[in-house]
Amino acid sequence: MADVSTQNTDTGMITPEAFKDAFRWMVLARTFEDKISSVYRAGKIVGGVYVGRGQEAFSAALAVQLNRGKDVYAPLIRDMAGRAAFGEPIIDAARTYLGSAKGSMRGRDGNIHRGSPRDGVPAMISHLGAMISVVSGMLFARRLRGQLDDCVGAACIGDGATSTGSVHEALNMASIEKLPLVVAIANNQFAYSTPNSRQFACKDLVDRAIGYGIEGTNVDGTDLADCLQGFHKALSRAKSGKGPQLVVGKMLRLSGHGEHDDSHYIPEEIRSSGLGKDCLAMARERIIAEGWGNEGSCQELEEKATKEVEDAILQADGEDPPDPYTHDWNACFSERFRDTQPDQ
Amino acid sequence: MADVSTQNTDTGMITPEAFKDAFRWMVLARTFEDKISSVYRAGKIVGGVYVGRGQEAFSAALAVQLNRGKDVYAPLIRDMAGRAAFGEPIIDAARTYLGSAKGSMRGRDGNIHRGSPRDGVPAMISHLGAMISVVSGMLFARRLRGQLDDCVGAACIGDGATSTGSVHEALNMASIEKLPLVVAIANNQFAYSTPNSRQFACKDLVDRAIGYGIEGTNVDGTDLADCLQGFHKALSRAKSGKGPQLVVGKMLRLSGHGEHDDSHYIPEEIRSSGLGKDCLAMARERIIAEGWGNEGSCQELEEKATKEVEDAILQADGEDPPDPYTHDWNACFSERFRDTQPDQ
Amino acid sequence: MSITYLEAIRNAQDKALADSPDVFIYGQDIGAFGGAFKATKGLHDKYPDRVIDSPISEDAMAGLAIGAAIEGMRPIIEMQFADFSTVAFNQIVNQAATHYWRTNIPCPVTIRLPSGGTPGSGPFHSQCMEAIYAHYPGTIVMTPATVEDAYSMLLEAIFTDDPVIFCEHKYLYYHLKADKLPTQSLPAESARITRSGRHATIITYSAMVHEALLAADSLHDDGYEIEIVDLRCVKPLDIETILGSVARTGRMLVLGEAFPWGGVTSEVISRVSSEGFHLLDAPPAKLNAHDTPIPYHPELWRYHRPTANTIKSAVQKLLKD
Amino acid sequence: MSITYLEAIRNAQDKALADSPDVFIYGQDIGAFGGAFKATKGLHDKYPDRVIDSPISEDAMAGLAIGAAIEGMRPIIEMQFADFSTVAFNQIVNQAATHYWRTNIPCPVTIRLPSGGTPGSGPFHSQCMEAIYAHYPGTIVMTPATVEDAYSMLLEAIFTDDPVIFCEHKYLYYHLKADKLPTQSLPAESARITRSGRHATIITYSAMVHEALLAADSLHDDGYEIEIVDLRCVKPLDIETILGSVARTGRMLVLGEAFPWGGVTSEVISRVSSEGFHLLDAPPAKLNAHDTPIPYHPELWRYHRPTANTIKSAVQKLLKD
Ligand SMILES: Cc1ncc(C[n+]2csc(CCOP(=O)(O)OP(=O)(O)O)c2C)c(N)n1
Ligand SMILES: Cc1ncc(C[n+]2csc(CCOP(=O)(O)OP(=O)(O)O)c2C)c(N)n1
Ligand SMILES: [Mg+2]
Ligand SMILES: [Mg+2]
């Protein structure tokens with residue numbers, strides 16, 4: 001278990017405040033995703049629902065240490081907790097899932113594909129691995145403009161995405177350009193149904209870092225404090241000009257790939273191993289054990305989250321869907337280059 | 001300098017015979033490429049000429065240990081020596097450069113893009129990195145058919161190609177499939193004009209192997225014995241079920257990227273360093289120094305090569321170019337699926 | 001008994017695996033899990049060595065298949081969604097499609113692309129990429145619209161000696177049912193007159209055949225007999241059958257779900273206009289999706305793609321010309 | 001003084017870099033070396049931080065440019081050859097081209113594609129990929145045929161807020177010369193009547209404009225006045241100018257160097273047949289390269305692509321129809 005001192009020092013120790021802050025977003029994310037799953041099961045969501053159950057610690061630990069409006073944060077499939085921690089309003093998640101026209105994607109894309117580039121959150125495309133070089137580009141632009149300061153970019157991927165050529169090219173390029181980039185790999189043991197054993201054959205995924213000449217850290221993805229510390233170290237290094245950082249967290253995906261998937265293929269053996277521990281329950285226990293809070297304060301937090309989530313979903317559900325007849329059907333920004341094809 | 005005993009033992013030592021055998025192909029390759037460069041400068045070749053000057057040892061050392069008709073060998077740009085060592089008839093090189101219709105590519109592709117898949121030599125496409133997974137597929141097929149035995153596949157790339165996503169995906173997949181694949185990286189310090197420093201930022205390229213869980217070896221690409229030994233080890237390991245092997249050779253490209261390029265951008269400092277040594281001259285010196293041959297026997301070899309090359313080029317030059325009017329303009333094998341477009 | 005379009009695809013693969021030891025399937029989650037859409041369900045159990053889970057490496061998946069095909073195998077690559085084949089684009093169009101031409105050695109790979117829109121799938125799980133692959137010399141591109149075709153054409157694809165891009169439509173996977181699988185069938189390279197008519201022809205393929213049928217039903221009530229040509233194979237095009245139909249009706253709407261610039265619809269109009277100009281009694285018409293990425297929201301999606309209603313309007317306009 | 005097509009491209013980049021600190025160029029060997037074709041020669045010296053050598057990573061090159069564009073920069077990516085952009089295909093069509101539509105934030109990247117055949121370049125250094133990129137919503141595809149257009153259109157591309165695929169033709173790099181660079185020019189989205197005529201129109205773009213001019217010269221000697229429309233921008237198409245020309249001549253040959261299935265030629269024929277059917281006095285004709293990969297050998301290459309001779313024959317046939 002990683003060290004959590006009561007003082008934030010230069011050695012990368014994490015304060016109880018940081019721990020509790022991250023915990024708060026974890027609770028909110030879990031609450032939201034539990035709710036959205038039940039909405040999905042009630043048939044009220046078209047398309048898929050992909051949740052981050054079991055990965056909230058790893059996800060929140062990174063984002064809680066970033067600054068919205070300054071840093072870049074590129075979440076992936078299972079980063080509801082990180083999104084919340086980075087300041088994404090919960091209503092945007094609800095709107096995007098429920099298809100409100102007011103969501104940031106205006107009905108054009110859904111669920112986890114939402115983003116808000118002007119706030120530093122690029123909107124992911126589905127093709128795995130493709131977002132890392134985009135984050136690099138955002139940092140590269142800031143540096144060229146002399147606006148990089150100590151800002152940092154973070155990009156999240158899964159174990160499966162590490163097999164894409166995109167990830168390789170992006171990590172290598174970021175290292176050559178010595179960009180302040182942190183790449184977080186959530187190794188949740190599976191890519192959809194595919195286990196690590198069919199995804200890579202190296203001893204430890206973090207060893208990929210060596211091949212790019214970047215620094216790599218392993219953290220226990222079920223342990224919030226360890227995640228906080230690992231990311232703290234990586235972010236500090238990135239900011240101090242040490243180039244890209246790789247942080248690999250190990251945990252188990254405590255859900256199906258999507259809510260349509262019962263994940264029967266996950267062996268009981270892994271489920272009951274240390275990897276299968278629930279980071280949220282563990283963080284809660286620790287808060288109580290350390291006396292940073294108690295059962296009551298935790299419950300209060302949970303109830304507040306429930307209320308916030310229910311309000312958001314209620315609100316989004318009551319909003320209008322996009323209207324195709326008034327919708328702006330233009331793929332190009334430049335009016336003079338818009339196609340004059342007769343309307344289809 | 002690597003050990004060359006007079007006995008081939010299990011420890012991977014290399015015999016003088018192997019050394020001399022490889023040397024012979026190196027001489028042939030250098031002779032051919034010097035000649036083809038002068039033919040190019042005389043304006044008799046359309047398209048580019050890309051030579052392997054300085055890389056003959058690394059190239060031949062691999063291929064001389066492979067068996068044509070059994071193993072798979074995927075040469076790249078600078079593998080004239082390896083091609084010859086693997087049994088590619090010198091006349092095919094001459095025909096492909098000079099545009100004879102009798103070349104293996106029948107005028108459809110040229111220069112280094114020649115190949116003969118039925119002999120185990122896939123015909124490269126230009127897109128760097130794309131051939132490794134093809135070699136994997138050839139091995140994979142043989143294994144599925146129970147015909148793999150102790151055959152091995154080798155794929156050659158340069159330092160620049162290591163930045164492609166293709167190479168990453170292929171190495172990772174080959175490792176998962178535990179294929180008997182040897183990937184040879186000729187790190188000649190430059191990719192066209194781009195130095196290593198703009199190509200990767202890891203300490204040692206061979207460290208990429210760790211990230212794939214495969215074995216990696218560095219060899220001195222200017223030292224034939226070291227190359228022979230490195231590849232011997234890698235090939236033995238691959239054949240004995242140890243999975244893919246990475247062999248990285250360091251040397252300098254002793255030519256331009258193509259013969260159109262004067263390589264003015266290569267700093268004198270590198271040229272005069274150990275990397276800039278000419279592997280061919282060094283191998284020749286060693287043969288004489290060890291008494292495995294003498295000035296006379298070396299000259300004889302060189303004269304034989306000159307004659308062979310001149311004959312081949314004379315022959316190819318006298319052959320007819322492809323005739324577009326009798327040419328078979330069909331991109332599909334299946335007649336029934338050929339397009340019925342009116343002739344363009 | 002009834003069988004779905006998806007089951008037909010599974011059955012065709014099962015038969016191919018049974019009939020030839022040269023066939024194998026490589027793709028993400030297609031092993032024990034049976035694939036994202038269950039197109040390979042149960043096949044790993046039957047052929048454990050030949051139904052293989054791949055890492056998420058589309059470029060290397062295609063490369064591996066090409067290498068095996070060069071050696072005489074008949075690999076099938078399942079892309080999890082057609083959209084992800086963009087990452088394997090280079091291997092498909094530059095390595096596979098050129099291979100026979102460059103080396104005289106055929107490259108019999110089949111690339112299965114689960115294609116097309118379904119509600120809520122959004123811009124990256126809905127694409128129709130047939131035109132992209134068809135543009136390149138050396139490819140065959142199939143777009144089956146029926147359960148029977150899904151079966152027989154996939155078998156033909158697998159045993160064809162050229163690279164076949166097999167665009168199977170996800171919307172049809174579960175929606176479309178047939179009584180049984182065919183034992184005999186129209187060759188894959190032939191188009192089919194799905195419905196005969198005399199006032200106009202709708203030329204289309206894949207899921208749009210069914211939208212066209214609905215539109216034709218509705219136009220029938222208005223007294224028009226609309227002929228429907230199902231292209232089946234979009235490259236090569238069966239131009240005789242197309243021209244034959246246009247000769248009968250004199251009017252043609254070419255209909256596709258893909259993006260409007262270029263593509264199958266433009267190619268068909270171009271061919272017919274060049275080769276059958278005098279058969280046309282009215283300007284050829286074209287209907288595609290709107291020129292934007294494919295929207296996620298069902299309300300937008302339904303408007304973005306052609307539907308029975310918009311097809312009907314387009315035909316009505318065509319009939320007035 | 002005379003200036004080549006290649007120098008025009010270099011000058012346009014020089015001007016863009018000088019005019020705006022938001023412009024930078026990223027590509028293989030484009031720094032001190034000045035690029036495989038010398039399109040950036042001297043620029044690294046002038047703008048050392050903004051003319052940057054890239055590793056051989058086309059996907060990441062495009063990704064980096066997209067990220068920078070989202071931040072408001074105006075990156076230019078030089079692909080060493082158009083053919084290698086296949087490896088960046090996904091980032092271009094799925095990330096860049098969809099970005100504005102998805103997020104309302106424009107993505108002003110310019111992707112320079114050294115395109116088209118030259119003798120001895122072979123199947124992988126000769127391709128014309130305009131149709132591939134034009135198929136996708138959200139792209140603008142420019143194909144300049146003159147020195148002046150290479151200059152002015154590249155400047156427009158760089159300062160346009162959408163992704164522009166800039167297909168510059170390698171055959172024209174050194175062959176084509178002009179006296180000076182333009183100060184004023186036709187907007188990039190407009191086609192140009194390069195030569196006026198009345199017996200038939202050849203609609204074409206890029207290097208083929210010059211083959212068409214040769215054919216037209218030769219037909220002039222036979223008493224025919226052939227109009228030539230240079231599309232300049234293949235997406236969007238300037239359909240008014242195209243229809244205007246066809247209205248004058250009644251006959252149209254659409255000419256392109258790219259592969260025959262689909263593509264610009266089919267799209268133009270499709271548009272004109274649909275929108276200007278009654279302007280046509282004869283079936284529209286089409287001329288492309290042969291339907292095989294592009295051959296290396298000059299003897300084969302010259303036969304593979306359209307030339308003044310085959311264009312002339314096609315027009316003669318068209319005039320008889
Ligand atoms: C290039 C590409 N290929 C395939 C897919 C389909 N796909 C979506 S998620 C997924 C599994 C991802 O696994 P991992 O990266 O481990 O992330 P996790 O789902 O476990 O969080 C796959 C194969 C994709 N999105 N992109
Ligand atoms: C994907 C791709 N991008 C760009 C090129 C253009 N290109 C051909 S050779 C070359 C340099 C290759 O360098 P390296 O891999 O080190 O091999 P070397 O030439 O040094 O033997 C480049 C950039 C290519 N062939 N493929
Ligand atoms: Mg995973
Ligand atoms: Mg090199």
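Chain identifiers are assigned alphabetically (A, B, ...) following the order of the sequence lines, protein sequences preceding nucleic acid strands; residue numbering begins at 1 within each chain.
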| field | Interface moiety of C:Ala314 toward chain A, non-hydrogen atoms closer than 4.5 Å | value | neither
| task | Check each atom of C:Trp261 against the heavy atoms of chain A and say whether the ones under 4.5 Å are side chain, backbone, both or neither. | result | both
| Under 4.5 Å from any heavy atom of chain C - which part of A:His327 | side chain
| Are there residues of residues 246-260 of chain A that reach to under 4.5 Å of chain C by heavy atoms, and which ones? | none
| query | Mind checking which of residues 24-31 of chain C sit less than 4.5 Å from chain A, heavy atom to heavy atom? | reply | C:Tyr26, C:Asp29
| Quick one: of A:Gly160, A:Ser166, A:Pro322, A:Ala191, who has the most non-hydrogen atom pairs under 4.5 Å with chain C? | A:Pro322
| Parallel, tilted or perpendicular: which fits the ring planes of C:Phe124 and A:His113, with parallel below 30° and perpendicular above 60°? | tilted
| request: Answer with side chain, backbone, both or neither: which region of A:Asn330 has an atom nearer than 4.5 Å to a non-hydrogen atom of chain C? | output: backbone
| So C:His297 and A:Val46, side chain to side chain contact (heavy atoms under 4.5 Å, CB included) or not? Walk me through it. | CA-CA 8 Å; C:His297 200 290; A:Val46 263; over 6 Å; no
| query | Heavy atoms under 4.5 Å from chain A: which residues of residues 46-64 of chain C carry them? | reply | C:Ile52, C:Asp53, C:Ser54, C:Pro55, C:Ile56, C:Ser57
| request: Output the residues of residues 99-110 of chain A for which the shortest heavy-atom distance to chain C is under 4.5 Å, in residue-number order; output 'none' if no such residue exists. | output: A:Gly99, A:Arg106, A:Gly107, A:Arg108, A:Asp109, A:Gly110
| field | Part of A:Leu128 within contact of chain C (heavy atom distance under 4.5 Å) | value | side chain
| query | chain C heavy atoms under 4.5 Å from A:Tyr192: which part of the residue, side chain, backbone, both or neither? | reply | both
| By a 4.5 Å heavy-atom criterion (distance strictly below it), what part of A:Thr96 contacts chain C: side chain, backbone, both, or neither? | backbone
| Which atoms of A:Ala130 come close to chain C, meaning under 4.5 Å heavy atom to heavy atom: side chain ones, backbone ones, both, or neither? | neither
| Where do A:Ile45 and C:Tyr296 come nearest, in terms of heavy atoms and distance? | CG2-OH, 4.5 Å
| Parallel under 30°, tilted from 30 to 60°, perpendicular over 60°: which one fits the rings of C:His290 and A:Trp329? | parallel
